[in-house]
> 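Provided herewith is a single structure, encoded as structure tokens, for subsequent inquiry.
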Amino acid sequence: MNLNEKFVITINRELGSGGRTVGRKLAEQLGVPFYDKALIKALQEKYHLTVSEIESMKGRNHSWWADFKRALNLGARMNESFNYQLDMSAEPDLLTTDEMFKAEKEILKGVAEDESCIVAGRSGFFVFRHHPNRLSILIQASLGHRIDRVCHKQDMSPEEARNLIEKVDKMRENYVKRYTKSSRYYTRNYDLVISADGKSEDEIVELILLYLGKRM
């Protein structure tokens, strides 16, 4: 992947692996925006972005996402300035329809056409599979590691954390199979697969940067 040209890095991750934090920190190191599924869905729902509306915007101007960001005054600090929350106990995929998925895919494509970016989400490897300058990453971890992290982050008991992980794993796998006809665990979908066990988020970022030929 060439960092001197417009690029997109996709990060698929297991709940409790720290993948979202890795994505945010990697974006900071590379100086590019970070987008995750919760933010894209929040924008989609808040501004009622449908496939037909996006197609209309694209028809008026090819760089519709850039114009959309300027109109909303959204910049590189989008994640900090836009107020959204993700309730891990009720993932938004439960409400995803085919139309919403198509709109989400068009939004993500618009993002990558406008700027280099990092996208954390379950279908990133699929949406950008034909992108000429992309890196797809999967971050995994053992169940024990994931339970410990979810307990700490979500203030849950180990049993509650295990139940949540099992629920989210099932929903995410069903989502990926439904919309990509593949499995999120199929390693051929990725360029780089990393185990988070025994590593901090910063150490995982360092591994990715080394893979890209850069150092922190």
Side-chain angles (χ1 to χ4, degrees), residues 8-30 32-42 77-80 82-96 117-126 135-177 180 182-187 189-212 214-216:
V8 59
I9 297 175
T10 70
I11 297 180
N12 281 57
R13 76 280 189 209
E14 292 183 311
L15 176 63
S17 67
R20 185 183 182 281
T21 301
V22 168
R24 178 178 53 79
K25 290 189 172 188
L26 181 62
E28 291 172 357
Q29 288 293 324
L30 294 176
V32 300
F34 171 74
Y35 299 92
D36 69 3
K37 302 276 284 192
L39 175 60
I40 294 298
K41 186 171 288 291
R77 299 182 63 192
M78 180 185 288
N79 288 298
E80 298 171 309
F82 189 84
N83 184 25
Y84 75 97
Q85 291 183 336
L86 174 59
D87 179 2
M88 290 308 305
S89 65
E91 281 219 322
D93 290 344
L94 291 174
L95 304 175
T96 299
C117 60
I118 293 176
V119 175
R122 296 169 297 289
S123 62
F125 72 87
F126 176 78
L135 175 71
S136 293
I137 301 170
L138 173 65
I139 299 177
Q140 298 179 307
S142 66
L143 182 58
H145 177 101
R146 298 168 69 193
I147 289 174
D148 288 344
R149 195 171 191 278
V150 171
C151 284
H152 175 70
K153 293 289 185 179
Q154 302 288 335
D155 191 24
M156 292 181 171
S157 69
E159 183 178 359
E160 289 173 326
R162 179 190 290 269
N163 289 337
L164 176 60
I165 287 169
E166 290 176 352
K167 176 183 176 182
V168 171
D169 279 352
K170 183 177 180 179
M171 285 191 297
R172 289 182 173 177
E173 179 66 359
N174 288 341
Y175 176 93
V176 169
K177 284 184 175 179
T180 74
S182 183
S183 168
R184 70 191 184 112
Y185 301 109
Y186 186 52
T187 56
N189 288 324
Y190 309 99
D191 303 296
L192 186 61
V193 179
I194 299 173
S195 170
D197 285 38
K199 305 178 187 67
S200 68
E201 287 91 347
D202 287 334
E203 288 172 334
I204 296 174
V205 171
E206 173 69 8
L207 282 175
I208 297 171
L209 290 174
L210 286 172
Y211 181 87
L212 293 171
K214 294 177 65 68
R215 284 184 176 273
M216 293 177 67

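Just so you know, these numbers use all the heavy atoms, side chains as well, and skip hydrogens, waters and symmetry mates.
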> Which pair of heavy atoms, one from A196 and one from I139, lies closest together, and at what distance?
CB-CG2, 4.3 Å
> Is it the case that the side chain of E14 and the backbone of D169 share a donor-acceptor pair, with hydrogens and angles ignored and the cut-off at 3.5 Å?
no
> Could you go through the side chain to side chain contact (heavy atoms under 4.5 Å, CB included) check for E166 and N163 one step at a time?
CA-CA 5 Å; E166 290 176 352; N163 289 337; 4.2 Å; yes
> Output the distance between atom CD1 (I9) and atom CD1 (I118), rounded to the nearest 0.5 Å.
4.5 Å
> What is the distance from atom CG of L164 to atom OG of S157, rounded to the nearest 0.5 Å?
10.5 Å
> Please assess F126 against R184 for the test side chain to side chain contact (heavy atoms under 4.5 Å, CB included), listing each intermediate value before the final yes or no.
CA-CA 10 Å; F126 176 78; R184 70 191 184 112; over 6 Å; no
> Starting at CG of L135, measure out to OH of Y211 and round the result to the nearest 0.5 Å.
5.5 Å
> Looking at residues at least two apart in the chain, or sitting in another chain, which of them share a side-chain hydrogen bond (donor to acceptor under 3.5 Å, both in side chains) with R24?
E28
> Salt-bridge test for E201 and R149: reply yes if a basic N is under 4.0 Å from a carboxylate O, no otherwise.
yes
> Please report the shortest heavy-atom distance between V176 and S183, naming the atom on each side.
CG1-C, 3.9 Å
> Could you go step by step and tell me if R172 and L15 meet the side chain to side chain contact (heavy atoms under 4.5 Å, CB included) rule?
CA-CA 10 Å; R172 289 182 173 177; L15 176 63; 4.0 Å; yes
> Got a second to check how far I147's CD1 is from H152's NE2, nearest 0.5 Å?
16.0 Å
> Hey, what do you get for OG (S142) to CG (D197), rounding to the nearest 0.5 Å?
3.5 Å
> I'd like to know whether L26 forms a side chain to side chain contact (heavy atoms under 4.5 Å, CB included) with V32, so could you lay out the CA-CA distance, the side-chain angles of the two residues, the decisive distance to 0.1 Å, and finally the verdict.
CA-CA 9 Å; L26 181 62; V32 300; over 6 Å; no
> Any donor-acceptor pair under 3.5 Å linking the side chain of R146 with the backbone of Q140?
no
> Between K25 and F34, is any pair of side-chain heavy atoms under 4.5 Å apart?
no
> State the CG-NZ distance between L207 and K199, to the nearest 0.5 angstrom.
6.5 Å
> Which heavy-atom pair separates S123 from T180 by the least distance, and what is that distance?
CB-CG2, 4.5 Å
> Is the side chain of N12 donor-acceptor paired with the backbone N or O of L138 at a distance under 3.5 Å, no angle test?
no
